[in-house]
Every structure is written in C-alpha cells, then in structure tokens.
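Data block below; observations after.
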Amino acid sequence: MNIWNDQSDIMASRDCGWIQLFVENGQQAFDQTICAFRMGEDRRVLLPVAVNLDGFTISHVVEPLELASQETVNKFLPPYQPLYTIHPDRPITMGLFAMPEIFMETKKAHEVALRNSKQVILEVWKEWADLTGRHYQPIQGYRMEEAEIAILAAGESAKSPWRPWIGCASRGRRWVC
C-alpha cells in the first residue's frame, strides 16, 4: 500500500469516455463536484464526470474553504429531470452491450457528446464564476508568453512545479510553467 498519489488509477481510465476534472485543492474539489452535476446532466452531454482529487496530499490537509450557500447551490443545480428512466414494466439495457448494427452509431453519439462537453464545461464554469467569483479554465498557464520550456501537470501536482521555476524565471531563465 502506498499513501502517496500518482494518478495511476484514473490514468487507467483515461480513454473510457468520461469527462475528467483534476483539482489542485479542497476548494476546487468542492466547486468542481457541484459543477460536475451540471456538466454531466446537460442534455447536450449526458456523460459521467469524474472529479479527480489527489488522495492524501489534499484529503489529509487542513485548508480554508469557501462553501457556497445552499441557496446558491440550489439556484445553480435545478432539480434534475432525467431524459431516460428505468421502469420495471419496460425493461431495457443501457450501456452494457451494442450489437454490430448499432455499435458505430453508439460510438459516434458518444464522441459527439464528449465534443459537446467542452462548450458546456465552459458555460458551467462561467455561470459558477458569476455566482461565486471563482473562475476555472481547461488549462491554466503561468508566465507562458516567452517560455521555451513548459511543464504540463494535472491535479495537486500542478501547483508544485511553479515554485522552483518562479525562481529560475526571476534570474533570467526562460523556464516557466
């Protein structure tokens, strides 16, 4: 057993077709969990959303957290109206098996939903920012204007590379995150 995170669990699921959000801290975990419901339940998407939190390095720390009020969350997350429902009088199978006649159609529909998710994610983040003042974007750069070298990281580890490179950049080196 290892308590140090390495994201190998979610990387094994990278191509499963879920929307994946990586968070750096508890605040982002809180915000993105709420946003994930809006993203995944949007009729243009209807896909699972995984909020990836680096265990131990985030889950075992004490840090400040701004909770949105229940009123704000209720305004942001209206009651969910499912498009597809399961009823014992109308048995169906969802997502487990596709005959060859519909397999490619199913894969195409999934790809369209995944591509549509980008616009939905941006819309959801903008609305969350309007409500809370906390802004998110798909990729966050730092001093990239004249960078010759960049580091791409996800989750809690994304904030760590900035520290040493800030010092290098201040000494005239063009290695920044």
Side-chain angles (χ1 to χ4, degrees), residues 1-80 82 113-145 147 149-170 175-177:
M1 183 169 140
N2 185 352
I3 61 171
W4 307 110
N5 57 303
D6 65 359
Q7 299 178 344
S8 60
D9 53 350
I10 197 62
M11 290 302 145
S13 302
R14 185 194 69 187
D15 297 325
C16 72
W18 290 29
I19 297 167
Q20 296 188 19
L21 307 173
F22 290 82
V23 299
E24 292 181 22
N25 54 47
Q27 185 67 61
Q28 289 183 7
F30 175 81
D31 291 347
Q32 296 307 320
T33 298
I34 294 167
C35 290
F37 284 95
R38 280 283 298 275
M39 294 169 186
E41 293 174 355
D42 188 287
R43 299 275 169 109
R44 295 169 288 174
V45 178
L46 294 177
L47 292 174
V49 180
V51 177
N52 299 291
L53 169 90
D54 293 338
F56 191 71
T57 56
I58 295 178
S59 60
H60 287 66
V61 298
V62 176
E63 62 183 351
L65 187 69
E66 277 187 46
L67 298 176
S69 69
Q70 188 64 54
E71 180 181 313
T72 299
V73 174
N74 290 346
K75 180 179 177 184
F76 185 73
L77 293 176
Y80 179 57
L114 211 53
R115 288 183 186 274
N116 287 344
S117 71
K118 182 178 181 182
Q119 183 59 40
V120 172
I121 290 166
L122 295 174
E123 291 169 10
V124 168
W125 281 341
K126 179 171 184 337
E127 187 175 339
W128 185 250
D130 291 345
L131 286 172
T132 66
R134 295 190 290 273
H135 301 266
Y136 296 99
Q137 55 194 16
I139 296 176
Q140 179 181 350
Y142 178 76
R143 298 179 70 174
M144 294 295 296
E145 296 79 23
I149 297 172
I151 297 172
L152 181 62
E156 191 272 338
S157 61
K159 65 184 174 187
S160 299
W162 294 18
R163 294 180 187 118
W165 302 117
I166 291 170
C168 289
S170 68
W175 295 27
V176 295
C177 299

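The residues of the chain are indexed from 1 along the displayed sequence. Values in this document were obtained by computation on a predicted structure and should not be read as measured data. Note: hydrogens, waters and symmetry copies are ignored here, and every other heavy atom, side chains too, is used.
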Legend entry - Atom of Ala29, atom of Leu53 and distance for their closest heavy-atom approach: CB-CD1, 3.8 Å
Inset, instruction - Determine the minimum heavy-atom distance between Glu41 and Leu46, stating which atoms define it. - result: O-CD2, 3.7 Å
Close side-chain approach of [X] to [Y], heavy-atom, < 4.5 Å:
| X | Y | value |
| --- | --- | --- |
| Trp18 | Val49 | no |
| Asn52 | Val23 | no |
| Lys75 | Ser69 | no |
| Cys35 | Leu21 | no |

Starting at [atom1] of [X], measure out to [atom2] of [Y] and round the result to the nearest 0.5 Å.
| X | Y | atom1 | atom2 | result |
| --- | --- | --- | --- | --- |
| Asp31 | Leu131 | CG | CG | 11.0 Å |
| Thr132 | Glu127 | OG1 | CD | 10.5 Å |
| Gln32 | Ile121 | CD | CD1 | 9.0 Å |
| Asn116 | Met39 | CG | CE | 14.5 Å |

Legend entry - Polar side-chain atom of Glu63 near backbone of Gly26 as donor-acceptor pair, under 3.5 Å: yes
Inset, instruction - Could you tell me whether a side-chain N or O of Thr72 sits under 3.5 Å from a main-chain N or O of Ala68, the two making a donor and an acceptor? - result: no
Legend entry - Within 6.0 angstrom of Phe76 CZ, more than 12 heavy atoms from elsewhere: yes
Inset, instruction - Please determine, by modelled atom types, if Trp128 and Glu123 share a side-chain donor-acceptor pair under 3.5 angstrom. - result: no
Inset, instruction - Name all residues meeting the side-chain hydrogen bond (donor to acceptor under 3.5 Å, both in side chains) criterion together with Lys126; count only those two or more places apart in sequence or in a different chain, and write none if there are none. - result: Asp130
Legend entry - Sequence neighbours excluded - salt bridge (Lys or Arg N to Asp or Glu O under 4.0 Å) pairs with any residue from residues 64-74: Glu66-Arg134
Inset, instruction - Can you sort out the partners of Arg115 under salt bridge (charged side-chain N to carboxylate O under 4.0 Å, His left out), two or more places apart, ordered by chain and number? - result: Glu111
